[in-house]
Amino acid sequence: MNLRPTPGQAAFREEVRAFIRERLPKEIRERLHQGHSPRKQDTVTWQRILHERGWAAPHWPKEFGGAGLGIAERLILLEELQRGGAPVPLAFNVTMLGTVLLRYGTPAQKEFFLPRLAGLDLWFCQGFSEPGAGSDLASLRTRAVRDGDHYVVDGQKTWTTMAHEADWIFALVRTEQAARKQDGISFLLIDMKSPGVTVRPIVSIDGQHHLNEVFFDGVSVPVANRVGEEGRGWDCAKYLLASERTGIASIGLCWERLAHAHALAASLQQGAGTLAYDAKLGAELAVLGAEIRALELTNWRFLLDTEVARRNPGFASVLKLKGSELLQSLSSLVARLAGPAGLERRDAEGADARHPLAASAARYFFYRATSIYGGSSEVQRDILAKTLLG
C-alpha cells in the first residue's frame, strides 16, 4: 500500500501543529519537554481546550462531542500531540470507557457520561488488575452480589493508575461462577466517593505516586451503572482492550524523546564543542531514528490496511513490544546524557527536582514499566509465537 500522506492528511497535520503552537500553555509544554509527567490540572486544562475543537474524543461521532475522524487523522492527531509536548486526552475516559459506552451503553448512560468524559468533568480510572489477576484478567475475584436494584461489591484491585485522583472507576467484577472463567463477569461504573471504597498508594520505582490499591468493602452500586448485560462484561473488556491499539506504539512520544536527546546533546559541552559532534553518540541517535521510522511505517501499514490486520491478528503485539523497547532505549540514553543530574529526585512533598536534566533522567525509571503495562512483553511474545509463528 502507498504510505505517503495524502494532501488532505498533510494539511491536517499542519492544522494540528498550528493549533498546538497557538493554544497549548507554555508552562505545560516546557514541563513535558523537560520530561515531567503532566499533572492532573495540566491534562484537564488541555483536554478542555481540545474539546472545544472536538479533538478530545476525535473518533467519537459529532453528536456526542467528537469529531468523527478516521483512523489516519486520529493517528496524526495523537502523534502531533505527543511530539508537541502536549498532554494526550485521558485514555481511561476517551479511548477506553467512552468507546465501550458508544457500543454497549444505554441511552441514559451515554447522555449522562459521554459529555462529562470528553470535557473531563469526571475523571475515570480502570479497575481491571487484581493480585493474582494481572495478565490473566479473567481470574479476577472481586465479587458483586445482586440485591434488588443494587449490587454489593467486595474485593480488591491493584496497580490502579490515578485512582487517588479519580472521581469514578470502571471495574470488572464477578457476578456469577461459570464453567468458563470469562463468563459471569460484569462491567460496572462505581463512584469513588461511595462508602466502602478505600484507596491506598503504591509508590513506584520512579519515586512517584501514580499507582494504587483499591479496596471495595460492601460497596453499593446501582444496577443502572452496569454496562452491557449481566455476566457479559468480558465482551466489554475485549472491546475496550482492542480499542487501545491506535496509540499502542507510542510513535509520537518516541519522536519527541529522540528530539529531546538531540537537544540535550547540543547543549552539553565536550571539549571545545558539544556532545552533538560525538561520532559514537551520533551513530546511536541515527540508529534510534531509523528504528522509530520503521516502527512508524509498520504502525501505519497495520492500522490503515485492514487486509494486513486480518491476516495478522497478533500484529498489534509487534507494535506494543517494539514501542516499549524503543521508549526504554531512549530513556536510557537520556539518563546517560543527564549524568550526575539524573541522581536528583523529587522531594518528599513531590515538588519537581530543580536541575533541568533531572526530570528527563527520572523518566528512565517510569519507562521501565512500559514492558509490563498494557500487556507485558512476555505476553506479547507468547501471542506472536501463537499467531505469527504457529
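All figures in this text were calculated on a predicted structure; none of them were measured in a lab.
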**Q** Which heavy atom of Leu188 sits nearest to which heavy atom of Ala144, and what is that distance?
**A** CD1-CB, 4.2 Å
**Q** Please find the pair of heavy atoms, one from Pro89 and one from Leu81, that lie closest to each other, and give the distance.
**A** CD-CD1, 3.8 Å
**Q** Show every side chain to side chain donor-acceptor pair (under 3.5 Å) that has at least one partner inside residues 169-178, sequence neighbours left out.
**A** Thr175-Ser186
**Q** Under a single-linkage rule joining Ile, Leu, Val, Met, Phe, Trp and Tyr whose side-chain heavy atoms are separated by less than 4.5 Å, which residues share a cluster with Val203?
**A**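 The other cluster members (ILVMFWY side chains, heavy atoms under 4.5 Å, direct or chained): none.
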**Q** Taking atom CG of Asp382 and atom OG of Ser377, what is their separation to the nearest 0.5 Å?
**A**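 Result: 11.0 Å between the selected atoms.
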**Q** Can you see whether Ser324 engages Lys320 through a side-chain donor-acceptor pair at a distance of less than 3.5 angstrom?
**A**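 A pair is found: one side chain offers a donor N or O, the other an acceptor, under 3.5 Å apart.
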**Q** Which pair of heavy atoms, one from Leu24 and one from Pro87, lies closest together, and at what distance?
**A**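 Looks like CD1-CD, 4.2 Å.
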**Q** Does CZ in Arg232 sit with more than 12 non-hydrogen atoms of other residues, nucleotides or ligands closer than 6.0 Å?
**A** no
**Q** Starting at CG of Leu326, measure out to CG of Leu258 and round the result to the nearest 0.5 Å.
**A** 9.5 Å
**Q** Could you grab the distance from atom CD of Gln41 to atom CH2 of Trp46, nearest 0.5 Å is fine?
**A**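 Answer rounded to 0.5 Å: 14.5 Å.
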**Q** Checking Gln47 side chain against Ala118 main chain: does a donor-acceptor pair fall under 3.5 Å?
**A**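 A pair under 3.5 Å: yes.
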**Q** Rounded to the nearest 0.5 Å, how far does OG1 of Thr43 lie from CG of Asn93?
**A**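 With rounding to 0.5 Å, CG (Asn93) is 10.5 Å from OG1 (Thr43).
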**Q** Hey, does Leu389 have a side-chain heavy atom less than 4.5 Å from the side chain of Leu384?
**A** no
**Q** Under 4.5 Å between side-chain heavy atoms, counting indirect links through other Ile/Leu/Val/Met/Phe/Trp/Tyr residues: same cluster for Tyr151 and Phe170 or not?
**A** no
**Q** Please confirm whether the ring centroid of Phe12 lies under 6.0 Å from the ring centroid of Trp55.
**A**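 Phe12 vs Trp55: aromatic centres under 6.0 Å.
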**Q** Got a salt bridge between Lys280 and Asp278, using NZ or NE/NH1/NH2 to carboxylate O under 4.0 Å?
**A** no
**Q** Any side-chain donor-acceptor pair under 3.5 Å between Thr274 and Gln270?
**A**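 Side chains of Thr274 and Gln270: no pair found under 3.5 Å.
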**Q** Determine yes or no for a side-chain-to-main-chain donor-acceptor pair under 3.5 angstrom, with Arg74 supplying the side chain and Pro58 the backbone.
**A**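 No; judged by distance alone, with no hydrogens or angles, the pair does not exist.
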**Q** Is there a side-chain contact between Ile202 and Thr158, using heavy atoms and a 4.5 Å cut-off?
**A** yes
**Q** Hey, what do you get for CH2 (Trp255) to CG (Leu288), rounding to the nearest 0.5 Å?
**A**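 If I round to the nearest 0.5 Å, the distance is 10.0 Å.
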**Q** Answer yes or no: is there an ion pair linking Arg83 with Glu256, defined by an N-O contact shorter than 4.0 Å?
**A** no
**Q** Taking all atoms of both residues into account, what is the closest heavy-atom pair of Arg31 and Ser37, and its distance?
**A** NH1-O, 3.2 Å
**Q** Check this for me: Lys26, atom NZ, are more than 12 non-hydrogen atoms of other residues, nucleotides or ligands nearer than 6.0 Å?
**A**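 No, NZ of Lys26 has 12 or fewer neighbouring heavy atoms, counting only those of other groups under 6.0 Å.
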**Q** How long is the span from the CD1 atom in Ile248 to the CZ atom in Phe302, to the nearest 0.5 Å?
**A** 9.0 Å
**Q** If Ile, Leu, Val, Met, Phe, Trp and Tyr residues are connected whenever their side-chain heavy atoms lie under 4.5 Å apart, and connections chain through other members, are Leu140 and Val153 in the same group?
**A**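 Different clusters: Leu140 never reaches Val153 through Ile, Leu, Val, Met, Phe, Trp or Tyr contacts under 4.5 Å.
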**Q** Has Thr160 got a side-chain atom pairing as donor or acceptor with Ala163's backbone, closer than 3.5 angstrom?
**A** no
**Q** If you apply the rule side-chain contact (heavy atoms from CB on, under 4.5 Å), what do you find for Tyr367 with Leu330, and how did you get there?
**A** CA-CA 9 Å; Tyr367 286 127; Leu330 288 159; over 6 Å; no
**Q** State, without any angle test, whether Thr142 and Glu130 hold a side-chain donor-acceptor pair at a distance under 3.5 Å.
**A**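 The criterion, which ignores hydrogens and geometry beyond distance, is satisfied for Glu130 and Thr142.
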**Q** Same hydrophobic cluster for Leu253 and Phe366, using side-chain heavy-atom links shorter than 4.5 Å among ILVMFWY?
**A** yes
**Q** May I ask you to decide whether Glu22 forms a salt bridge with Arg17, counting only side-chain N to carboxylate O separations under 4.0 Å?
**A** no
**Q** So, Phe113 versus Trp168, ring centres under 6.0 angstrom or not?
**A**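 Centroid distance Phe113-Trp168: below 6.0 Å, so yes.
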**Q** Side-chain contact, heavy-atom cut-off 4.5 Å: Met192 with Asp167?
**A** no
**Q** Using only atom types and a distance under 3.5 Å, with no angle test, would you say the side chain of His260 pairs donor to acceptor with the backbone of His33?
**A**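 Flag set: sc His260 to bb His33 pair under 3.5 Å.
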**Q** Identify whether Trp159 and Trp123 are in the same connected component of the hydrophobic contact network (ILVMFWY, side-chain heavy atoms under 4.5 Å).
**A**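 Each belongs to a different hydrophobic cluster.
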**Q** Do Glu165 and His210 meet the criterion of a side-chain donor-acceptor pair at a distance under 3.5 Å?
**A** no
**Q** Can you tell if the side chain of Val88 reaches within under 4.5 Å of the side chain of Gln82, non-hydrogen atoms only?
**A** yes
**Q** Could you check whether Arg21 makes a cation-pi contact with Phe19, meaning its NZ or CZ is under 6.0 Å from the centre of the six-membered ring and within 45° of the ring axis?
**A** no
**Q** Walk me through it: do Glu63 and Lys110 pass the test salt bridge (charged side-chain N to carboxylate O under 4.0 Å, His left out)?
**A** CA-CA 11 Å; Glu63 63 190 281; Lys110 293 176 184 178; over 6 Å; no
**Q** Closest approach of Ser332 and Tyr364, non-hydrogen atoms and distance?
**A** CA-CD1, 3.6 Å
**Q** Give the cluster check for Leu285 versus Tyr277: same hydrophobic cluster or not, with ILVMFWY residues linked at side-chain heavy-atom distances below 4.5 Å.
**A** no
**Q** Does the distance from a Lys or Arg side-chain N to an Asp or Glu carboxylate O, for Arg13 and Glu80, drop under 4.0 Å?
**A**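 Counted as a salt bridge, because a side-chain N and a carboxylate O are separated by less than 4.0 Å.
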**Q** Looking only at heavy atoms, what is the nearest atom pair of Leu172 and Ala237, with distance?
**A** CD1-CB, 3.9 Å
**Q** Is a donor on one side and an acceptor on the other found under 3.5 Å between the side chain of Gln328 and the backbone of Arg368?
**A**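 It does hold such a pair.
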**Q** Side chains of Gln9 and Glu73: is there a donor and an acceptor less than 3.5 Å apart?
**A** no
**Q** Within the distance-only criterion (no hydrogens, no angle test), does the side chain of Arg146 pair as donor or acceptor with the backbone N or O of Gly148 below 3.5 angstrom?
**A**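 Flag set: sc Arg146 to bb Gly148 pair under 3.5 Å.
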**Q** Taking the side chain as everything from C-beta on, heavy atoms only, tell me whether Val214 gets closer than 4.5 Å to Thr198.
**A** no
**Q** I'd like to check Ile28 versus Pro38 (side-chain heavy atoms, cut-off strictly below 4.5 Å). Are they in contact?
**A**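 Not in contact.
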**Q** More than 12 foreign heavy atoms under 6.0 Å from CD of Glu111: is that the case here?
**A**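 No, not enclosed.
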**Q** Return yes when atom CZ of Arg141 has more than 12 non-hydrogen atoms of other residues, nucleotides or ligands closer than 6.0 Å, and no otherwise.
**A** no
**Q** Measure the shortest side-chain to side-chain distance between Val44 and Asp42 over non-hydrogen atoms and say whether it is less than 4.5 angstrom.
**A** no
**Q** Within the 4.5 Å heavy-atom criterion, are Leu101 and Leu117 side-chain neighbours or not?
**A** yes
**Q** With a 4.0 Å cut-off, would you call Glu296 and Arg301 a salt bridge?
**A** no
**Q** Going by the rule ring-ring contact (aromatic ring centres under 6.0 Å, His included), which residues pair with His209 if we only count those two or more places apart in sequence or in a different chain?
**A**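 Per chain and number, His209 pairs via ring-ring contact (aromatic ring centres under 6.0 Å, His included) with His164.
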**Q** Could Arg200 and Phe215 be counted as a cation-pi pair, given that NZ or CZ must be under 6.0 Å from the ring centre and within 45° of the axis?
**A** yes
